[in-house]
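Protein chains get the first letters and strands the later ones, always in sequence-line order, with residue 1 at the start of each.
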Amino acid sequence: MEDKLYKKIADSHKPKETKLKNLIIAFVVGGLIGCFGEIIIEIMCSFFHKSRAQAQVFMSVFFIFIASLLTSLGFFDKLVNKCKCGLLIPITGFAHSMTSAALDYRKEGLIYGIGSNIFKLAGSVILYGVVSTWLFGMIRYFIGGVL
Amino acid sequence: MLFINSFLFCGTICLIAQIILDNTKLTPGHITSLFVVIGAFLDSFSLYDLIIKYVGGGALVPITSFGHSLVHGALAKTNGYGLMGIFMGMFDLTASGITAAIIFSFIFSLIFKPKN
């Protein structure tokens with residue numbers, strides 16, 4: 001009985017708008033990052049006369065650089081707390097997870113600290129990416145032929 | 001037009017991720033892994049290439065493009081090397097992103113100290 005009462009009171013005090021607000025923030029921030037990526041590609045293509053493939057590489061490296069720098073300066077964690085998926089799903093989230101793991105375990109030394117923990121969070125992305133790629137690649141190779 | 005498409009596509013991906021994060025017990029780690037697998041699945045039948053054609057850079061920013069480039073590099077190598085091409089070309093296109101992330105995070109972790 002007391003549990004139910006507690007839950008009722010706790011629910012009534014929960015802010016209701018946060019879910020909708022989170023969704024809007026994630027949509028706008030993610031959208032702006034995507035749009036910014038396209039702007040970088042267009043700038044590299046038209047002003048620096050790079051091919052589109054080169055511009056795409058530059059764009060992802062640029063985002064990773066910015067995200068790593070902001071993470072190590074301490075801004076990025078606050079931004080992630082506010083925008084959540086808007087910043088975690090773009091490539092910035094990958095760089096953020098690696099840099100924050102490296103910074104957290106730095107005091108345990110270069111080998112057993114940074115070296116063994118740098119992929120602590122990003123490792124799952126690489127592991128499941130590679131395993132699923134191997135699986136889908138085999139399926140595609142045997143069913144659909146090559147590209 | 002590519003700018004608007006980029007905004008809408010990347011925003012929608014983040015919106016879906018936020019919906020999953022808010023309504024289930026999955027952590028961001030689960031969601032990013034899930035999205036990589038979805039990207040790899042979409043590209044295994046060349047759907048993601050179609051999306052990139054119409055969306056442009058916005059489709060290359062989310063983590064789903066990581067799965068796409070893994071599959072793309074692996075399948076491109078199968079042209080000359082057969083089945084072993086999947087093992088050889090796996091990291092061909094994503095190497096730049098992974099290398100950049102490793103180098104920058106290592107350098108910055110040596111220079112800066114954690115804030116909290």
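Taking 4.5 Å as the limit, some side-chain heavy atom of B/Phe91 sits within range of a side-chain heavy atom of A/Ile126. Looking at A/Phe136 and B/Asp43, their side chains never come closer than 4.5 Å, going by heavy atoms from C-beta outward. Put simply, the side chain of B/Val36 does not reach to within 4.5 Å of the side chain of A/Tyr128, judged on heavy atoms. Side-chain contact between A/Ile118 and B/Ser105 is present, with heavy atoms from C-beta onward closer than 4.5 Å.
Interface residue A/Leu110: only side-chain heavy atoms are found under 4.5 Å from chain B. For A/Met59, the part lying under 4.5 angstrom from a heavy atom of chain B is the side chain only. Only the side chain of A/Phe119 has a heavy atom closer than 4.5 Å to any heavy atom of chain B. Contact of B/Ile102 with chain A is made through backbone and side chain together, with heavy-atom distances under 4.5 Å. Heavy atoms closer than 4.5 Å to chain A are found in both the backbone and the side chain of B/Phe3. With a 4.5 angstrom heavy-atom cutoff, B/Ile19 touches chain A via backbone and side-chain atoms both. In this structure, the portion of A/Ile114 lying under 4.5 Å from any heavy atom of chain B is its side chain and not its backbone. For a residue to count as touching a neighbouring chain, one of its non-hydrogen atoms must lie under 4.5 Å from one of that chain's; by this rule A/Ile25 does not touch chain B. Heavy atoms closer than 4.5 Å to chain A are found in the side chain of B/Ile86, but not in its backbone. There is no contact between B/Ile20 and chain A, counting heavy-atom distances below 4.5 Å. B/Leu110 touches chain A through backbone and side chain together, each having a heavy atom under 4.5 Å away. For chain A, the nearby part of B/Ala74 is the side chain; its heavy atoms alone come within less than 4.5 Å. Residue A/Ile41 touches chain B through its side chain alone, counting heavy-atom pairs closer than 4.5 Å. Neither the backbone nor the side chain of B/Thr94 comes within contact range of chain A, judged by heavy atoms closer than 4.5 Å.
Ring-plane geometry between B/Phe87 and A/Trp134 is classed as tilted, the angle between the planes lying from 30 to 60 degrees on a 0 to 90 degree scale. A/Phe65 and B/Phe108 have tilted rings, their planes meeting at an angle from 30° to 60° on a 0 to 90° scale.
Minimum heavy-atom separation, B/Gln18 to A/Cys85: OE1-N, 3.1 Å. Summarising the geometry of B/Ser6 relative to A/Gly34, their closest heavy-atom pair is CB-O, 3.8 Å, with the distance given to 0.1 Å.
Of the listed residues (A/Gly115, A/Cys83, A/Gly30), the greatest number of heavy-atom pairs within a distance under 4.5 Å of chain B belongs to A/Gly30. When A/Arg52, A/Met138, A/Gln56, A/Arg106 are compared by the number of non-hydrogen pairs under 4.5 Å with chain B, A/Arg106 comes out ahead. Chain A forms the most heavy-atom pairs under 4.5 Å with one residue out of B/Gly97, B/Gly67, B/Ser44, B/Gly58, and that residue is B/Ser44. Comparing A/Leu32, A/Leu121, A/Leu135 by how many heavy-atom pairs each has under 4.5 Å with chain B, the most go to A/Leu32.
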